[in-house]
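The next block holds one structure in the form of structure tokens; read it before the comments.
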Amino acid sequence: MAYFDTQLRDGAVLDLGCGQGRNAIPLVHMGFSVTGVDLSAVGIAQMVADAPSGPGTLTAKVADVYEVQQIAPFRYILLDSMLHFAAKDRHKEMGLLHNIASGMAPTARLVVCMPDVEQKTRFLFSAVEPMLQSLQDERFPYVFEQPALKKGQAPHRSVSEYRMLVFSKSA
Ligand SMILES: C[S@@+](CC[C@H](N)C(=O)[O-])C[C@H]1O[C@@H](n2cnc3c(N)ncnc32)[C@H](O)[C@@H]1O
């Protein structure tokens, strides 16, 4: 959100794997036009129920991110906690990144947030290079907090190292 807060509100955001709108909702609050795509109809319904009516707009789609064809109209393509590069998904995820890199507009930005694991970052770079170049690279602690769901259960809190990379088309 700190990154998006530095950006002009004139571009549309494609939030791939938006879940319940953890990013999409604050982006609408900031004034962005957001399209959120997720396979989970439950997640999409929760996002729509919690979304503000403005100042931005929200378009919600239950769909497979691997089927999304329209990348070019978006100024920002966001993948937060969507890429894992586990052996069974790696080929597919790298194909998705390659398609985004080749289909995005010359002025667009690809924003990826993922665990700060060197090997995973190498997969990311090898999928988008040489089409994209990294513009911004930030490390930050990702804090996950969940209140106790049942009586007698302790609340959960964990912190992991995360990384945000912003890419644009190479010059
Ligand atoms: C870890 S959550 C991240 C959600 C959100 N980006 C965030 O950071 O809060 C991963 C999300 O990706 C969605 N997802 C996984 N595979 C997908 C696919 N092939 N197409 C669309 N959504 C998918 C899941 O339903 C889930 O909501």
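Numbering starts at 1 and runs along the sequence shown. Order of appearance sets the numbers: ligands from 1, and atoms from 1 within every ligand.
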Applying salt bridge (charged side-chain N to carboxylate O under 4.0 Å, His left out), name anything that partners E145, two or more places apart in sequence or on another chain.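 E145 satisfies salt bridge (charged side-chain N to carboxylate O under 4.0 Å, His left out) with R157 only.
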
side-chain contact (heavy atoms from CB on, under 4.5 Å) with L79: which of V111, V65, L110?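 With L79 as partner, V111, V65, L110 yield a single side-chain contact (heavy atoms from CB on, under 4.5 Å), made by L110.
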
To the closest 0.5 Å, what do you measure between CG (L124) and CD (E129)?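 With rounding to 0.5 Å, CG (L124) is 9.0 Å from CD (E129).
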
Distance, nearest 0.5 Å, that separates CG of N23 from CG of D15: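 The CG atom of N23 sits 5.5 Å away from the CG atom of D15.
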
Applying side chain to side chain contact (heavy atoms under 4.5 Å, CB included) to F85 and R122, what does each step give before you reach the verdict? CA-CA 10 Å; F85 298 115; R122 273 204 296 274; over 6 Å; no

For R22 and D80, run salt bridge (charged side-chain N to carboxylate O under 4.0 Å, His left out): C-alpha distance rounded to whole Å, both residues' side-chain angles, the deciding distance at 0.1 Å, then the answer. CA-CA 10 Å; R22 184 169 66 124; D80 185 357; 3.3 Å; yes

Starting from the N and O atoms of ligand 1, find every protein N or O within less than 3.5 Å and list the pair with its distance.
residue	atom	partner	partner atom	Å
ligand 1	6 (N)	G17	O	2.7
ligand 1	6 (N)	D80	O	2.8
ligand 1	8 (O)	R22	NE	3.4
ligand 1	8 (O)	R22	NH2	2.6
ligand 1	8 (O)	D80	O	3.4
ligand 1	8 (O)	D80	OD2	3.3
ligand 1	9 (O)	R22	NE	2.6
ligand 1	9 (O)	R22	NH2	3.3
ligand 1	19 (N)	D64	OD1	2.9
ligand 1	20 (N)	V65	N	2.9
ligand 1	22 (N)	L39	N	3.1
ligand 1	25 (O)	D38	OD1	2.6
ligand 1	27 (O)	D38	OD1	3.4
ligand 1	27 (O)	D38	OD2	2.7

